[in-house]
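Data block below; observations after.
Chain identifiers are assigned alphabetically (A, B, ...) following the order of the sequence lines, protein sequences preceding nucleic acid strands; residue numbering begins at 1 within each chain.
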Protein chains: 2
Amino acid sequence: MGEGADKITFPVIAERAGVNPTTLYRRWDNVNALLEEVAVAALTRDGESAPDTGSLEQDLTEWADIIARDITRPERVRYLRAMVAARAETVSNCPVTETRRDQASEMVRRARERGETAPTASQILDHVIAPLYYHVVFALQVDPEYARRLVRDVLAMVR
Amino acid sequence: MGEGADKITFPVIAERAGVNPTTLYRRWDNVNALLEEVAVAALTRDGESAPDTGSLEQDLTEWADIIARDITRPERVRYLRAMVAARAETVSNCPVTETRRDQASEMVRRARERGETAPTASQILDHVIAPLYYHVVFALQVDPEYARRLVRDVLAMVR
DNA sequence: TAGTTAAAGCAAAGAAGATTGCTTTATGGT
DNA sequence: ACCATAAAGCAATCTTCTTTGCTTTAACTA
């Protein structure tokens, strides 16, 4: 490797954390395991609960905006890239996306209770979350307006 | 690193290619540069032109199905992961997504000439391509039925 | 055919990460 | 206060990737 951009290794992490590399080697099997643990802890913090504004469009817009602002932070982008790179064929499900699915389900459930027609949680993941990640990963623009557009799109599907 | 799953390095590639590692070190600055070049060459081969069946839904369905089958191949998944990991903040645009955008634009153009109402090329990328990549990356199911569902969704937006 | 230049192979040296045994420090219980 | 256990640090070693000088092969030209 040459470019000093990333290069995530135990020695590098240990130095930044002010601990001995051996400590890391002993606690995690490899860097990916560490990253995954950290990323999951960071990305699924309980502060992120689904909004409840009384309207699905409003809920989704706020939710998408929070996520958009979160995943565009440089550390998050790094985590995201690392997790994508780390994830082997064997890996089945990701706690982060599970959390997002739960939140989406919750918003959908409330909307339907109010009598609103709503897309499925899967549709929300596919058409709001996925495009957001896609834009982050391929360095395309991600801003509140884009998040709002995605929400409008997914709602237009069921109208 | 421990797991023998991936671990893409010059020596490994060189051995599989039957050439000397030095040759690779001399031609490319680092593994990511090589991967990007190979991935772009592989993923944008001219064979992949947009279908032209006379119906946008049919075009998109075939197109999405081709892409779905392509990006779920193990080598493609590896490329995808490697490219995501490689892509630094500095990187602006990806030739692969450019090609996809061109193909989407072409299908949309033809559909509109026929008088069909059609989503934008951006919408197609966001709601068909992005979810496909998302599913591949997070090891979720990707099959023809899923591709077809995405196409139905994106078309439902503009009806 | 001989000569020149570029690319590929070879081999040795250098650098960085990964692994392991042992020592030291810290924490909790008696 | 003492002991026991576990975690963290240290240091030496091993492995692997990376780099570089030199040789060899190949291709193209005079």
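- Ring geometry for A:Tyr25 versus A:Phe10: interplanar angle over 60°, hence perpendicular rather than tilted (30 to 60°).
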Cut-off 3.5 Å, no hydrogens considered: what does the side-chain donor-acceptor table look like for residues 147-157 of chain A, sequence neighbours left out?
| residue | atom | partner | partner atom | Å |
| --- | --- | --- | --- | --- |
| A:Arg149 | NH2 | B:Asp126 | OD2 | 2.7 |
| A:Arg152 | NH2 | A:Glu145 | OE2 | 3.2 |
| A:Asp153 | OD1 | B:Gln123 | NE2 | 2.9 |
| A:Asp153 | OD2 | B:Gln123 | NE2 | 3.4 |
| A:Asp153 | OD2 | B:His127 | NE2 | 2.8 |

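- Donor-acceptor pairing under 3.5 Å, judged by distance alone, is present between the side chain of B:Arg26 and the base of D:dG21.
- When the side-chain nitrogen and oxygen atoms of A:Tyr25 are compared with OP1 and OP2 of C:dA18, one or more of them lie within a distance under 4.0 Å.
- Using bins of under 30°, 30° to 60° and over 60° for the plane-to-plane angle, the ring pair B:Phe138/A:Tyr133 lands in the tilted bin.
- OP1 or OP2 of C:dG9 lies within a sub-4.0 Å distance of a side-chain N or O belonging to B:Thr23.
- For the residue pair B:Arg114 and B:Ser55, no side-chain donor N or O sits within less than 3.5 Å of a side-chain acceptor on the partner.
- Taking atom CH2 of A:Trp28 as the reference point, atom P of D:dA7 lies 12 Å away to the nearest angstrom.
- When the P atom of D:dA8 is taken as reference, atom CZ of A:Phe10 falls 13 Å away, rounded to whole Å.
- Applying the 4.0 Å criterion to OP1 and OP2 of D:dA8, one finds that A:Thr22 has every side-chain N and O outside that range.
- A:Asn20 has no side-chain polar atom (N or O) that falls below the 4.0 Å cut-off from OP1 or OP2 of D:dA8.
- For B:Leu24 and D:dT19, the CG to P distance is 12 Å, given to the nearest whole Å.
- Listed nucleotides C:dA8, C:dG9, C:dG17 differ in distance to B:Arg27; the shortest reach to its side chain belongs to C:dA8.
- In this structure, A:Ile13 atom CD1 and C:dG17 atom P are separated by 11 Å, rounded to whole Å.
- Atom CD1 of A:Ile8 is separated from atom P of C:dG17 by 13 Å (rounded to the nearest Å).
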